[in-house]
Amino acid sequence: DQQVKQNSPSLSVQEGRISILNCDYTNSMFDYFLWYKKYPAEGPTFLISISSIKDKNEDGRFTVFLNKSAKHLSLHIVPSQPGDSAVYFCAAGARNNAGNMLTFGGGTRLMVKP
Amino acid sequence: KAGVTQTPRYLIKTRGQQVTLSCSPISGHRSVSWYQQTPGQGLQFLFEYFSETQRNKGNFPGRFSGRQFSNSRSEMNVSTLELGDSALYLCASSLLATSYEQYFGPGTRLTVT
(Lines give C-alpha, C1' and ligand atoms only; values in the text may rest on other atoms or scores of the structure.)
Protein backbone atom coordinates (compact mmCIF):
# COMPACT_ATOMS: atom_id res chain seq x y z
CA ASP A 1 0.00 0.00 0.00
CA GLN A 2 1.74 3.13 -1.27
CA GLN A 3 0.98 5.96 1.13
CA VAL A 4 2.82 8.54 -0.98
CA LYS A 5 2.39 8.49 -4.76
CA GLN A 6 3.93 10.43 -7.59
CA ASN A 7 1.78 9.43 -10.52
CA SER A 8 3.93 10.96 -13.24
CA PRO A 9 7.16 9.02 -13.71
CA SER A 10 8.52 11.71 -16.01
CA LEU A 11 7.97 15.30 -17.08
CA SER A 12 9.53 17.29 -19.91
CA VAL A 13 9.54 21.10 -19.84
CA GLN A 14 11.08 23.83 -21.95
CA GLU A 15 13.73 26.03 -20.33
CA GLY A 16 12.21 29.17 -18.83
CA ARG A 17 8.74 27.66 -18.41
CA ILE A 18 7.12 26.41 -15.22
CA SER A 19 7.63 22.84 -14.00
CA ILE A 20 4.87 21.41 -11.82
CA LEU A 21 5.51 18.15 -10.00
CA ASN A 22 2.67 16.49 -8.14
CA CYS A 23 2.39 14.18 -5.17
CA ASP A 24 -0.61 12.53 -3.48
CA TYR A 25 -0.78 10.92 -0.06
CA THR A 26 -3.31 8.82 1.81
CA ASN A 27 -2.27 8.92 5.47
CA SER A 28 -3.94 11.71 7.44
CA MET A 29 -1.26 11.43 10.12
CA PHE A 30 1.37 13.01 7.87
CA ASP A 31 2.15 16.45 9.25
CA TYR A 32 5.26 17.48 7.34
CA PHE A 33 6.17 17.26 3.68
CA LEU A 34 9.47 17.58 1.86
CA TRP A 35 10.84 17.60 -1.67
CA TYR A 36 14.21 16.16 -2.60
CA LYS A 37 16.17 16.34 -5.84
CA LYS A 38 18.43 13.50 -6.94
CA TYR A 39 21.11 13.46 -9.62
CA PRO A 40 22.51 10.12 -10.86
CA ALA A 41 25.24 8.65 -8.64
CA GLU A 42 24.44 11.12 -5.85
CA GLY A 43 22.25 11.01 -2.78
CA PRO A 44 19.01 13.02 -2.66
CA THR A 45 19.40 16.70 -1.82
CA PHE A 46 16.85 18.44 0.39
CA LEU A 47 15.03 21.18 -1.55
CA ILE A 48 12.09 22.58 0.34
CA SER A 49 9.58 21.56 2.98
CA ILE A 50 6.18 22.53 4.32
CA SER A 51 4.38 21.94 7.57
CA SER A 52 0.77 20.78 7.51
CA ILE A 53 -0.29 24.03 9.21
CA LYS A 54 0.69 25.97 6.06
CA ASP A 55 -0.57 25.79 2.50
CA LYS A 56 2.37 27.40 0.72
CA ASN A 57 6.12 27.76 1.18
CA GLU A 58 8.44 29.59 -1.16
CA ASP A 59 12.22 29.54 -1.56
CA GLY A 60 13.58 31.34 -4.60
CA ARG A 61 12.45 29.58 -7.75
CA PHE A 62 10.81 26.76 -5.76
CA THR A 63 7.33 26.87 -4.25
CA VAL A 64 5.51 24.01 -2.57
CA PHE A 65 1.72 24.03 -2.28
CA LEU A 66 -0.21 21.82 0.11
CA ASN A 67 -3.91 21.00 -0.24
CA LYS A 68 -4.78 19.01 2.88
CA SER A 69 -8.39 18.37 1.95
CA ALA A 70 -7.29 16.78 -1.32
CA LYS A 71 -4.21 15.17 0.29
CA HIS A 72 -2.15 16.65 -2.50
CA LEU A 73 1.05 18.64 -2.72
CA SER A 74 2.88 20.12 -5.65
CA LEU A 75 6.28 21.62 -6.35
CA HIS A 76 6.49 24.55 -8.76
CA ILE A 77 9.81 25.53 -10.32
CA VAL A 78 9.80 28.90 -12.06
CA PRO A 79 11.64 29.47 -14.31
CA SER A 80 12.91 25.99 -15.08
CA GLN A 81 16.58 25.63 -15.94
CA PRO A 82 18.49 22.77 -17.59
CA GLY A 83 20.34 22.21 -14.29
CA ASP A 84 16.99 21.34 -12.71
CA SER A 85 16.92 18.12 -14.73
CA ALA A 86 16.92 15.38 -12.09
CA VAL A 87 14.62 12.96 -10.29
CA TYR A 88 12.39 14.65 -7.72
CA PHE A 89 11.04 12.77 -4.71
CA CYS A 90 8.31 13.95 -2.40
CA ALA A 91 8.36 12.68 1.16
CA ALA A 92 5.85 12.82 3.98
CA GLY A 93 6.62 12.72 7.68
CA ALA A 94 4.64 11.42 10.63
CA ARG A 95 5.48 11.15 14.29
CA ASN A 96 4.92 7.86 16.03
CA ASN A 97 5.73 6.73 19.52
CA ALA A 98 9.24 5.81 18.42
CA GLY A 99 10.05 9.06 16.64
CA ASN A 100 9.79 10.53 13.17
CA MET A 101 9.52 8.62 9.91
CA LEU A 102 9.63 9.73 6.30
CA THR A 103 7.74 7.92 3.55
CA PHE A 104 8.91 8.63 0.01
CA GLY A 105 7.09 8.64 -3.29
CA GLY A 106 8.44 6.81 -6.33
CA GLY A 107 9.96 9.90 -7.91
CA THR A 108 9.38 11.98 -11.06
CA ARG A 109 12.14 12.46 -13.61
CA LEU A 110 12.18 16.08 -14.76
CA MET A 111 13.86 16.95 -18.06
CA VAL A 112 14.31 20.63 -18.83
CA LYS A 113 15.10 21.18 -22.51
CA PRO A 114 17.28 24.14 -23.53
CA LYS B 1 30.94 21.15 7.60
CA ALA B 2 31.45 17.75 5.98
CA GLY B 3 28.38 15.96 4.67
CA VAL B 4 27.25 12.41 5.22
CA THR B 5 29.85 9.94 4.08
CA GLN B 6 29.27 6.34 3.11
CA THR B 7 31.78 3.59 2.49
CA PRO B 8 32.34 1.79 0.31
CA ARG B 9 30.78 3.57 -2.68
CA TYR B 10 30.60 0.43 -4.79
CA LEU B 11 30.51 -3.22 -3.85
CA ILE B 12 30.13 -6.49 -5.74
CA LYS B 13 29.17 -9.58 -3.78
CA THR B 14 28.04 -13.12 -4.55
CA ARG B 15 24.74 -14.66 -3.53
CA GLY B 16 24.89 -16.11 -0.06
CA GLN B 17 27.62 -13.78 1.18
CA GLN B 18 27.13 -11.05 3.73
CA VAL B 19 27.97 -7.38 3.51
CA THR B 20 28.51 -4.47 5.91
CA LEU B 21 27.99 -0.87 4.85
CA SER B 22 29.18 2.12 6.85
CA CYS B 23 27.78 5.61 7.33
CA SER B 24 29.23 8.64 9.09
CA PRO B 25 26.61 11.34 9.73
CA ILE B 26 27.11 15.08 9.60
CA SER B 27 28.99 16.20 12.70
CA GLY B 28 26.53 16.79 15.53
CA HIS B 29 23.71 14.82 13.92
CA ARG B 30 22.49 12.02 16.13
CA SER B 31 19.81 10.36 14.04
CA VAL B 32 20.74 8.05 11.17
CA SER B 33 18.30 6.43 8.76
CA TRP B 34 18.91 3.85 6.05
CA TYR B 35 17.03 3.46 2.76
CA GLN B 36 17.12 1.06 -0.16
CA GLN B 37 16.57 2.35 -3.69
CA THR B 38 16.03 -0.10 -6.52
CA PRO B 39 15.40 0.75 -10.21
CA GLY B 40 11.89 2.07 -10.68
CA GLN B 41 11.28 2.23 -6.94
CA GLY B 42 11.33 5.12 -4.55
CA LEU B 43 13.29 5.07 -1.37
CA GLN B 44 12.26 2.19 0.84
CA PHE B 45 12.86 2.81 4.53
CA LEU B 46 15.02 0.22 6.26
CA PHE B 47 15.58 1.49 9.82
CA GLU B 48 16.42 4.52 11.89
CA TYR B 49 18.75 4.91 14.85
CA PHE B 50 19.00 7.59 17.47
CA SER B 51 21.45 7.51 20.37
CA GLU B 52 22.43 3.91 19.54
CA THR B 53 18.80 2.74 19.69
CA GLN B 54 16.74 1.52 16.77
CA ARG B 55 13.58 3.62 16.85
CA ASN B 56 11.84 2.55 13.67
CA LYS B 57 12.13 -0.39 11.31
CA GLY B 58 10.77 -0.81 7.80
CA ASN B 59 9.25 -3.89 6.23
CA PHE B 60 12.41 -5.82 5.41
CA PRO B 61 13.40 -9.38 6.36
CA GLY B 62 15.58 -10.09 9.36
CA ARG B 63 18.60 -10.52 7.05
CA PHE B 64 18.83 -6.74 7.15
CA SER B 65 20.20 -5.37 10.40
CA GLY B 66 21.99 -2.32 11.64
CA ARG B 67 23.54 -0.61 14.58
CA GLN B 68 24.72 2.77 15.71
CA PHE B 69 27.82 3.56 17.72
CA SER B 70 28.32 6.10 20.47
CA ASN B 71 29.87 8.56 17.97
CA SER B 72 26.64 8.31 15.88
CA ARG B 73 28.36 6.40 13.08
CA SER B 74 26.16 3.60 11.80
CA GLU B 75 26.55 0.31 10.01
CA MET B 76 24.05 -1.87 8.23
CA ASN B 77 24.53 -5.54 7.53
CA VAL B 78 22.85 -7.80 5.02
CA SER B 79 23.36 -11.51 5.47
CA THR B 80 22.75 -14.33 2.99
CA LEU B 81 22.65 -11.96 0.04
CA GLU B 82 20.07 -12.48 -2.69
CA LEU B 83 20.06 -11.15 -6.25
CA GLY B 84 17.17 -8.86 -5.31
CA ASP B 85 19.33 -7.09 -2.75
CA SER B 86 21.17 -5.35 -5.57
CA ALA B 87 20.37 -1.69 -4.95
CA LEU B 88 21.62 1.71 -3.95
CA TYR B 89 21.74 1.91 -0.16
CA LEU B 90 21.40 5.42 1.17
CA CYS B 91 22.15 6.73 4.61
CA ALA B 92 20.69 9.98 5.90
CA SER B 93 21.30 11.93 9.07
CA SER B 94 19.28 14.51 10.93
CA LEU B 95 20.15 16.78 13.79
CA LEU B 96 17.53 16.08 16.39
CA ALA B 97 15.15 13.34 17.35
CA THR B 98 12.36 15.70 16.30
CA SER B 99 13.86 16.75 12.95
CA TYR B 100 12.13 15.76 9.75
CA GLU B 101 14.81 17.14 7.41
CA GLN B 102 17.23 14.41 6.53
CA TYR B 103 20.54 14.89 4.73
CA PHE B 104 21.69 12.08 2.52
CA GLY B 105 25.04 10.58 1.71
CA PRO B 106 26.01 9.55 -1.84
CA GLY B 107 25.01 5.95 -1.25
CA THR B 108 26.64 2.55 -1.64
CA ARG B 109 25.87 0.74 -4.88
CA LEU B 110 25.64 -2.98 -4.06
CA THR B 111 25.60 -5.51 -6.87
CA VAL B 112 24.87 -9.15 -6.03
CA THR B 113 25.85 -11.71 -8.67
Side-chain angles (χ1 to χ4, degrees), chain A residues 1-10 21 23-25 27 29-54 57 59 64 66 73 86-109, chain B residues 2-10 21 23-26 29-59 68 87-109 111:
Chain A
D1 174 32
Q2 270 191 295
Q3 296 188 59
V4 180
K5 276 187 183 177
Q6 295 176 253
N7 291 315
S8 299
S10 65
L21 296 100
C23 180
D24 297 298
Y25 62 95
N27 190 342
M29 298 303 292
F30 290 139
D31 62 357
Y32 202 82
F33 303 89
L34 308 92
W35 284 94
Y36 284 83
K37 178 169 77 172
K38 186 178 184 302
Y39 293 119
E42 294 183 14
T45 303
F46 170 69
L47 259 180
I48 190 169
S49 61
I50 186 167
S51 163
S52 60
I53 63 172
K54 296 185 174 182
N57 189 26
D59 184 2
V64 57
L66 176 62
L73 67 153
V87 177
Y88 288 77
F89 292 98
C90 69
R95 299 186 196 282
N96 60 25
N97 291 335
N100 305 337
M101 272 189 62
L102 290 185
T103 303
F104 283 81
T108 296
R109 181 177 302 278
Chain B
V4 177
T5 57
Q6 291 187 246
T7 57
R9 290 293 311 276
Y10 302 91
L21 311 181
C23 170
S24 292
I26 292 171
H29 284 199
R30 296 174 60 195
S31 171
V32 173
S33 298
W34 288 89
Y35 295 86
Q36 181 196 65
Q37 185 187 15
T38 51
Q41 297 288 320
L43 280 68
Q44 306 294 313
F45 173 74
L46 280 155
F47 24 68
E48 186 238 346
Y49 288 88
F50 180 81
S51 290
E52 301 179 68
T53 300
Q54 185 181 93
R55 297 198 303 169
N56 281 297
K57 190 175 193 310
N59 190 23
Q68 186 181 34
L88 180 67
Y89 290 88
L90 291 158
C91 166
S93 73
S94 54
L95 181 60
L96 302 170
T98 53
S99 301
Y100 275 125
E101 285 85 0
Q102 296 182 3
Y103 297 87
F104 284 82
T108 294
R109 170 73 61 186
T111 301

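Here is how names work: the chains are called A, B, and so on, in the same order as the sequence lines, proteins then strands, and each is numbered from 1.
- Side chains of B:Gln102 and B:Leu90 form no contact here, defined as non-hydrogen atoms less than 4.5 Å apart.
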Apply side chain to side chain contact (heavy atoms under 4.5 Å, CB included) to the pair A:Leu102 and B:Tyr35, showing each step before the final yes or no. CA-CA 10 Å; A:Leu102 290 185; B:Tyr35 295 86; 3.7 Å; yes

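- If you measure heavy-atom distances from B:Leu43 to chain A, the contacts under 4.5 Å come from both the backbone and the side chain.
- Only the side chain of B:Phe45 comes within less than 4.5 Å of a heavy atom of chain A; its backbone N, CA, C and O stay farther away.
- Within a 6.0 Å radius of NZ in A:Lys5, no more than 12 heavy atoms belonging to other residues, nucleotides or ligands are found.
- Heavy atoms closer than 4.5 Å to chain A are found in the side chain of B:Gln37, but not in its backbone.
- Ring geometry for A:Tyr25 against A:Phe33 counts as tilted: the plane angle lies between 30° and 60°, on a 0 to 90° scale.
- Between B:Val4 and B:Cys23 the shortest side-chain heavy-atom distance falls below 4.5 Å.
- For chain A, no part of B:Arg109 is nearby; none of its heavy atoms comes within less than 4.5 Å.
- In this structure, the portion of A:Leu34 lying under 4.5 Å from any heavy atom of chain B is its side chain and not its backbone.
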